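Heavy atoms only: backbone and side chains are in, while hydrogens, waters and symmetry mates are out. No experiment lies behind these values; they were computed from the predicted model shown.
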Amino acid sequence: LKNRTKKEFQPLLCFSRLISEVKPDIISMENVKGLIKYPVFKKFIKNLEENGYYYDYKIVDTSDYGVPQKRIRLVLLASKLGEIKLINKTHKNKKTVRNVIGYLDPINDGESNEKDPLHHARKLSPLNKKRIVATKLNGGNSKNWPERLQLSCHIKETGKSYRSTVYGRMKWDEPSPTMTTQCIGLGNGRFGHPEQNRAISLREAALLQTFPKYYKFYDPKKKIITSDVARFIGNAVPVRLGQIIAKSINKHLENI
């Protein structure tokens with residue numbers, strides 16, 4: 001967020017203006033945690049106050065609410081009807097990668113499962129295939145690689161801290177890292193499969209975002225565009241978090 005411009009915050013400003021015009025009874029918002037530090041967020045809160053809203057916001061780890069990924073987000077609820085807040089944590093025992101994708105059929109990079117076209121893994125370059133093979137199973141990262149496979153930027157002192165954040169494998173018995181629009185790319189985060197030599201598939205990413213297994217994301221009559229589906233999955237609010245927000249609003253309305 002350090003280099004964010006006013007233009008990039010435009011959606012929040014538009015949302016604030018829409019609230020002033022429509023004055024809905026209930027408001028919900030999910031965003032990156034860093035937003036809380038910026039003047040635009042303070043302006044947003046001031047606008048809620050000026051329009052007579054009760055509000056509550058907090059930084060949450062969505063894995064505390066049944067989302068099988070460590071996804072830290074700002075969640076805000078507001079109401080004209082009275083005090084409102086997110087319900088208490090629902091999962092002391094967090095859902096893990098194994099719980100969610102461990103049952104899926106194994107596939108190779110560049111392949112799709114015959115029964116589910118979305119269980120498709122992006123094809124790796126020959127070099128990246130060597131890298132994932134050299135990566136320790138169940139949580140390994142580029143620190144395991146021989147020097148010939150290392151990236152030049154990682155060899156530099158300034159790049160050493162990134163060696164555990166990209167080209168890594170997920171851990172079976174922990175929540176996954178945060179899903180992004182690049183979540184099926186091996187070099188874009190710790191998106192390597194815990195034991196298969198590939199990055200996670202579109203279906204695996206969708207399941208980690210808590211979409212139902214039957215969700216299609218595309219018109220069956222058209223060709224799947226992998227990057228478009230990945231962007232849809234990564235940009236989404238996890239379905240389970242949406243349910244938690246809905247339960248919070250419902251509880252609030254029952255108490256009015």
Cationic N near anionic O, under 4.0 Å, Arg71 to Asp61: no

Lys23 atom NZ: more than 12 heavy-atom contacts under 6.0 Å: yes

Nearest heavy atoms of Asn108 and Arg198, plus distance in Å: C-CD, 4.1 Å

Test salt bridge (Lys or Arg N to Asp or Glu O under 4.0 Å) applied to Asp25 and Lys80, step by step: CA-CA 5 Å; Asp25 288 337; Lys80 275 189 168 293; over 6 Å; no

Aromatic ring pairing Phe232/Phe211, orientation class (parallel under 30°, perpendicular over 60°, tilted between): tilted

Between Glu49 and Tyr55: side-chain donor-acceptor atoms closer than 3.5 Å: yes

Arg131 to Tyr167 six-membered ring, cation-pi geometry met (6.0 Å, 45°): yes

Where Val237 and Gly242 come nearest, the two heavy atoms and their spacing: CG1-N, 4.4 Å

Shared hydrophobic cluster, Val60 / Leu35 (ILVMFWY, side-chain heavy atoms < 4.5 Å): no

Distance-only side-chain donor-acceptor flag, Thr96 / Asp173, under 3.5 Å: no

Closest contact, heavy atoms only, Leu77 versus Ser28: CD2-CB, 3.6 Å

Between Lys94 and Ser63: side-chain donor-acceptor atoms closer than 3.5 Å: yes

Nearest atoms (heavy-atom pairs only) where Arg169 meets Asn138: CD-N, 3.9 Å

Phe15: ring pair (Phe, Tyr, Trp, His ring centres under 6.0 Å) partners, not counting sequence neighbours: Phe44

Audit row: His119, Ser201, side-chain hydrogen bond (donor to acceptor under 3.5 Å, both in side chains) steps and yes/no: CA-CA 5 Å; His119 189 27; Ser201 70; 2.8 Å; yes

Residues Asp109 and Arg122 bridged, charged N to O under 4.0 Å: no

